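Down below is the structure, laid out as structure tokens.
All figures in this text were calculated on a predicted structure; none of them were measured in a lab.
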Amino acid sequence: FKHIKPQIQRRKQIDSFCQQLNIPFVDLNLETSLTKNPQYFENTTTIYQHLTSKGADAVSKLLANKITQLIFSADVE
């Protein structure tokens, strides 16, 4: 899945792949708490941006919470 593809096409490919494996796809690009904070990116003037340390911490915390939610929701079922 090439990162340079348009987001919609890239998301469809990843979503399809995850469905084949019967695993959830967590699209953090939809998390505005992450994507709209300029402090989380090294360069906010180009199309391909890299996370700062602060951004990486925020992503890690959010992802850990989502994984925990998935684990506990699976235990309930």
Side-chain angles (χ1 to χ4, degrees):
F1 308 109
K2 293 188 177 192
H3 186 67
I4 58 173
K5 290 187 177 189
Q7 280 294 327
I8 292 171
Q9 185 180 2
R10 184 172 171 264
R11 188 186 195 298
K12 282 182 183 179
Q13 286 183 321
I14 295 171
D15 194 41
S16 173
F17 182 70
C18 289
Q19 285 180 11
Q20 290 174 21
L21 297 175
N22 197 30
I23 59 173
F25 170 44
V26 178
D27 189 354
L28 297 182
N29 288 321
L30 301 176
E31 295 288 340
T32 56
S33 65
L34 298 175
T35 60
K36 300 293 182 186
N37 189 334
Q39 294 180 2
Y40 291 169
F41 298 95
E42 289 181 2
N43 184 353
T44 57
T45 61
T46 62
I47 239 176
Y48 302 110
Q49 302 168 355
H50 297 277
L51 289 172
T52 62
S53 177
K54 193 175 195 175
D57 287 345
V59 168
S60 296
K61 286 177 187 174
L62 185 74
L63 191 54
N65 286 336
K66 289 196 179 283
I67 291 169
T68 301
Q69 288 171 1
L70 288 168
I71 290 170
F72 286 115
S73 69
D75 287 344
V76 173
E77 295 174 4

Q. Looking only at heavy atoms, which two atoms of C18 and P24 are closest? And how far apart?
A. SG-O, 4.2 Å
(Q) Donor-acceptor pair, distance only, cut-off 3.5 Å: does the side chain of S16 make one with the backbone of Q13? (A) no
Q: Work out which heavy atom in T35 is nearest to a heavy atom in N29; give both atom names and the distance.
A: CG2-O, 3.5 Å
Q) What's the spacing between I67 CD1 and L62 CG if we round to 0.5 Å? A) 10.0 Å
**Q.** Q20 side, atom CD; D15 side, atom CG - distance, nearest 0.5 Å
**A.** 10.5 Å
Q.
Would you compute the distance between atom CG of L51 and atom CZ of F41 and round it to the nearest 0.5 angstrom?
A. 5.5 Å
Q.
Can you tell me how far apart CD1 (I14) and CZ (F25) are? Round to the nearest 0.5 Å.
A. 4.5 Å
Q: Could you grab the distance from atom OG of S53 to atom CD of Q39, nearest 0.5 Å is fine?
A: 12.0 Å
Q: Measure the spacing between CD of E31 and CG of L63 and express it to the nearest 0.5 Å.
A: 10.0 Å
Q.
On a heavy-atom basis, which atom in E42 and which in T52 lie closest, and how many Å separate them?
A. N-CG2, 3.6 Å
**Q.** Side-chain heavy-atom pair L30, R11 within 4.5 angstrom cut-off
**A.** yes
